[in-house]
There are 2 protein chains.
Amino acid sequence: MLQNDPLRDHIISRFDGMSPQLQQAARYILEHPQEVALVSMRELSRNAGVQPSTMTRLAKFLDLPGYDDIRAHHAEALRFRADGFAARAMQHSENEQDMAAAQLSRRMLQGLATQIARLSEPASLERLAAAADRLAQARRVYVLGLRSCHSVAWHFHYVMALLGEKTIHLDGPADTVGDGLIRADAEDVLLAISINPYSRHSLELAQLAREKGLGIVAITDSEVSPLVGVADHAILCSTESQSFFHTLTPALAVSEVLCGLLANKDRTAALEALQRADRHLLSLNTYASAIPRRRL
Amino acid sequence: MLQNDPLRDHIISRFDGMSPQLQQAARYILEHPQEVALVSMRELSRNAGVQPSTMTRLAKFLDLPGYDDIRAHHAEALRFRADGFAARAMQHSENEQDMAAAQLSRRMLQGLATQIARLSEPASLERLAAAADRLAQARRVYVLGLRSCHSVAWHFHYVMALLGEKTIHLDGPADTVGDGLIRADAEDVLLAISINPYSRHSLELAQLAREKGLGIVAITDSEVSPLVGVADHAILCSTESQSFFHTLTPALAVSEVLCGLLANKDRTAALEALQRADRHLLSLNTYASAIPRRRL
DNA sequence: TGTCACATAAAACAAATGTTGCAAAGGTGT
DNA sequence: ACACCTTTGCAACATTTGTTTTATGTGACA
């Protein structure tokens, strides 16, 4: 992302004074600067989810004669960047500590990027597709992820809850984690997420589910993970990181892909469910786009 | 200039068989590839000194349906180069009702890999380092992430809790989310995670923290996120995905990098704390490496 | 010279683009 | 409740776009 861009700064500085629609347009432009130069205004507005006129109005709001000035500016920036690619000066931090920090960060991030990219190998893709199919045909999906894997399990459940009532998150205080399985049977599937070191509780519940006849889909970290033995489908993702800790980023990516695949099975239904959720949250006043005034 | 461009090679290989006007058009395109993507065909032809129709004829001569294919190709190449990274397929043009699962998965994963790789740009690295510094010098870190961002907040807290008692997770049932801030003051820092759409509750709590004098570090998705205004340090990560949903994978990666940086401030202390945590969990019999025999 | 094939220019065309005007909707303050 | 102002969606507008058609020119060969 480019830094010293006067128009960009101008948009940011005047952002707070914009109407919601103008903000939406501005936000899209800030986040997709290349697109501004590469596609027509109408297509841009379509992708940004606003009316074409909003783009023109945004231009006027920024004291520009018309939208073409916005485009011209971004086109110029793109020309510049494409040419002067080599001339990109990396600002070095003087601070030695910062330097080390930057290096560690970069190593971690590029490692993660590589691991996720590696998930797109054909073998993984097949496993993902198979797992998604199994989840799709289940009556209910019980989601289990304890300790570090809680984040993945919860996110999967949160997203799927937007689509419908199919998932049940196995979690709870006072050792009630497993209670959700009471009414589970062979028509259901357990999505179990666990990585090394494997939580004993997770494994016990997976085993219990197996005995109750549930199908089991696992997201785990190794071909020799104890989950592989009990699971019908296992998706493997690396958890190694350049830091002290294991990483759950690839696992989260896997979970998001599963959500995407499931939603893709019936796109219109998914869209409709999402719109319903949107309306519901809107009526609950759940979201805001600016810091709300403090209630007293 | 980029080399491996099939269309470019195609133009070159058929160049000798072209009429003079076609050659002139082709030559201009070869020498000004960016312009093809950035200006209209009529303007391009004007600059190239040929008739507009010549451009269309050139496209047909190259066995393409029309000129737009030439432009689309150059636009894609430019998108590619401007990012500096490989594998970019960010088009929403896939209206195919039932896209092949493998294809969707691959696009999602490669998109995520790209987004994470982009976080390792110098600007982001600096922000990460600054944020980590601020978190390190705080007495206590309050971690706030609601709704979809819960997964990230929780994971950060979970990892940091392995290192010590520095973090407090702002979460809880019965609308007690904010209670943790009761004893917070200017020596503390709030780590706020929120993405579009921004949860009103998160913003309110961030504002409250600000008023109590806490430092604020934000993980959010845009320069114009409402959090940017109240935060001392903001780290931006993309949330766009090729699926229906926003992605939190880059945000999780950011959080993991922050954990890594913090642990790195005092490696020996971190190592020791982790060993202590290990021993504790071991004595609790928390983990297992094989499916345990069922208790009766 | 005639005519044939082809390259080019000019004009005509439908489709799209960016812009503007207007009315409905939404919110604010009295 | 009312009037007032802003915001928004819609449709019409004149342009501009990429393409196709038509006309004009050019050179080769009998």
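Order of the sequence lines sets the chain letters (A, B, ...), proteins ahead of strands, with each chain counted from 1. Only a predicted model underlies this, so the values are computations on that prediction, with no experimental measurement involved.
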Q) Do any side-chain nitrogens or oxygens of A:Gln21 fall under 4.0 Å of OP1 or OP2 in D:dT6? A) no
Q: Give a yes or no on whether the backbone of B:Pro33 and the side-chain of B:Arg8 come within a donor-acceptor separation of less than 3.5 Å.
A: no
Q: Look only at the side chain of B:Thr176 and the backbone of B:Asp179, and say whether a donor-acceptor pair between them is shorter than 3.5 Å.
A: no
Q. Choosing from C:dG18, D:dT17, C:dT19, which nucleotide comes nearest the side chain of A:Pro52?
A. C:dT19
Q) Any donor-acceptor pair under 3.5 Å joining the side chain of A:Arg57 to the base of C:dG18? A) no
(Q) With nearest nucleotide decided by heavy atoms, which residue, B:Gly17 or A:Asp68, maps closer to the 5′ end of DNA chain C? (A) B:Gly17
(Q) D:dG18, OP1 or OP2 - any side-chain N/O from B:Arg71 closer than 4.0 Å? (A) yes
(Q) Measure CD1/B:Ile70 against C1'/D:dT17 and give the value in whole Å, please. (A) 15 Å
Q: Side chain of B:Met41 only, please: which of D:dT19, C:dT20, D:dT7 is the nearest?
A: D:dT19
Q.
Ignoring hydrogens and geometry beyond distance, is the side chain of B:Ser19 in donor-acceptor contact with the base of C:dC6 at under 3.5 Å?
A. no
Q: Say whether, by atom type as modelled, one donor and one acceptor occur between the side chain of B:Lys212 and the main chain of B:Ile182 under 3.5 angstrom.
A: yes
Q.
Heavy atoms from C-beta onward define the side chain here; which of D:dG9, D:dG18, C:dT8 lies closest to that of A:Gln51?
A. D:dG9
Q: Compare the minimum distances between each of D:dT8, C:dT8, D:dG18 and the side chain of B:Arg42, then state the nucleotide with the smallest one.
A: D:dG18
Q) In terms of the nearest nucleotide of DNA chain C, which residue is placed more toward the 5' end: A:Lys60 or A:Arg46? A) A:Arg46
Q. Can you check the A:Met55 CE to D:dG9 P distance for me, whole Å?
A. 13 Å
Q) What's the CG-P distance between A:Leu22 and C:dG26, to the nearest Å? A) 18 Å
Q.
Given 3.5 Å as the limit, does a donor-acceptor pair link the side chain of A:Arg276 with the main chain of A:Leu163, or not?
A. no
Q) Between C:dT19, C:dT17, C:dA7, which nucleotide gets closest to the side-chain atoms of A:Tyr67? A) C:dT19
Q: Name the closest nucleotide to the B:Thr56 side chain, picking from C:dG18, D:dT8, D:dT19.
A: D:dT19
Q.
Which nucleotide wins on minimum distance to the side chain of B:Ser40, given the candidates D:dG18, D:dG9, C:dA9?
A. D:dG18
(Q) What contact category does A:Thr54 fall into here, base, sugar-phosphate, or nothing, at under 4.0 angstrom with non-hydrogen atoms? (A) nothing
Q. Within the distance-only criterion (no hydrogens, no angle test), does the side chain of B:Asn47 pair as donor or acceptor with the backbone N or O of B:Leu44 below 3.5 angstrom?
A. no
Q: Give the rounded distance in Å between these two atoms: CG of B:Leu58 and P of C:dA7.
A: 13 Å
